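Bear in mind that the values here come from a model prediction, so they are computed numbers and not experimental data. Throughout, a chain's letter reflects where its sequence line sits, starting with A, and its residues are numbered from 1.
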There are 2 protein chains.
Amino acid sequence: MGVTKEDTYTPRQSKLAQWYKALGHPARIAIVEQLLRSNCCICKDFTSEIDLAQPTISRHLQELKSAGIICGTIEGASVSYCINPRYRKRLRELITEN
Amino acid sequence: MGVTKEDTYTPRQSKLAQWYKALGHPARIAIVEQLLRSNCCICKDFTSEIDLAQPTISRHLQELKSAGIICGTIEGASVSYCINPRYRKRLRELITEN
DNA sequence: ATTATTTATAGTAATATTGCTATATATCTA
DNA sequence: TAGATATATAGCAATATTACTATAAATAAT
């Protein structure tokens, strides 16, 4: 049904799955890679690197944010995104390895 | 459109995303965890641990298999599944960590 | 040979995801 | 203030995912 029986699993299993699901799209991998290189980017920076419409990029950014993978801070008219420092090292391994 | 613009990304980005997507469901996390504990399981072993119908488990197993995460070998009337030895260590880190 | 056991596939229905265009909102700049 | 810039949201359409029941297929057991 496209709906996951959430209460079947431990919170840890659900959390892990949510984390990896957030990384389960090439656009989001590309975003994380760009952030690992550039440290901080505004939304527009991604739209010039990744061939997707701006609202689509924005949506992927929201998904990474709600998974706790990235943080966004308003900076004037733009929003500055960066890797959640807590997961920076781990993400570098996840993306770099293999 | 629920369809990913695959040619926008590098093969590496697509491959990474595919790998993490396969881990992006709690049932598949549960399956991998069980295999990390038990080394080898037949399909029926999973159905008695995870509260999902047998065909649903079977489908999740196929997805893990096509991502290269697990291997299945026919053994009489049943199929013996195990972690792809090539990724065993890596998966233990991915599942255990955090 | 018939029945039981084990697994996969077919078919279906509900929900989720991805991506677009149009537009709202908020801040800068002239 | 008026226009430009940057981002998010609304709304829509197409496809993907998840899970079910029913059933096929293949081996094991009686």
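Ring centroid separation for the pair B:Trp19 and A:Tyr20 does not come in under the 6.0 Å cut-off.
Summarising the geometry, the separation between CG on B:Leu64 and C1' on D:dT17 is reported as 14 Å, rounded to the nearest angstrom. Taking atom CD1 on B:Ile50 and atom P on D:dC20, their separation rounds to 12 Å, with Å as the unit. Atoms NE2 (A:His25) and C1' (C:dT17) sit 8 Å apart, rounded to a whole Å.
Within residues 52-63 of chain A, the residues having any heavy atom under 4.0 Å from DNA chain D are, by residue number, A:Gln54, A:Pro55, A:Ser58, A:Arg59, A:Gln62. Remark: A:Ile42, A:Cys43, A:Lys44 in residues 27-48 of chain A come within less than 4.0 Å of DNA chain D through at least one heavy atom.
Listed for the B:Thr96 side chain is a donor-acceptor partner under 3.5 Å among the backbone atoms of B:Arg92.
B:Ile42 and B:Ile74 fall into different hydrophobic clusters, where Ile, Leu, Val, Met, Phe, Trp and Tyr side chains are chained together by heavy-atom contacts under 4.5 Å.
Rounded to the nearest 0.5 Å, atoms CD1 (B:Ile57) and NZ (B:Lys44) are 13.0 Å apart.
Between A:Arg28 and A:Glu33 no salt bridge is recorded (no basic side-chain N to carboxylate O distance below 4.0 Å).
Residue pairs satisfying the ring pair (Phe, Tyr, Trp, His ring centres under 6.0 Å) criterion with at least one member in residues 25-77 of chain B, sequence neighbours excluded, are listed as follows: B:His25-B:His60.
The shortest distance between the side-chain N/O atoms of B:Tyr81 and the OP1/OP2 oxygens of C:dA8 is below 4.0 Å. Neither OP1 nor OP2 of D:dT17 sits under 4.0 Å from any side-chain N or O of A:Lys21.
Taking every side-chain heavy atom of A:Val79 into account, D:dT7 is the closest of C:dG19, C:dC28, D:dT7.
Side-chain contact between B:Leu23 and B:Leu91: present, with at least one pair of heavy atoms (C-beta onward) separated by less than 4.5 Å.
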How far apart are the C-alpha atoms of A:Arg90 and A:Asn84, what are their side-chain angles, what is the distance that settles it, and do they pass the side-chain hydrogen bond (donor to acceptor under 3.5 Å, both in side chains) test? CA-CA 10 Å; A:Arg90 180 168 165 75; A:Asn84 183 340; over 6 Å; no
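Along DNA chain C, the nucleotide nearest to A:Ala77 and the one nearest to A:Gly24 differ in position, and the one closer to the 5' end is contacted by A:Gly24.
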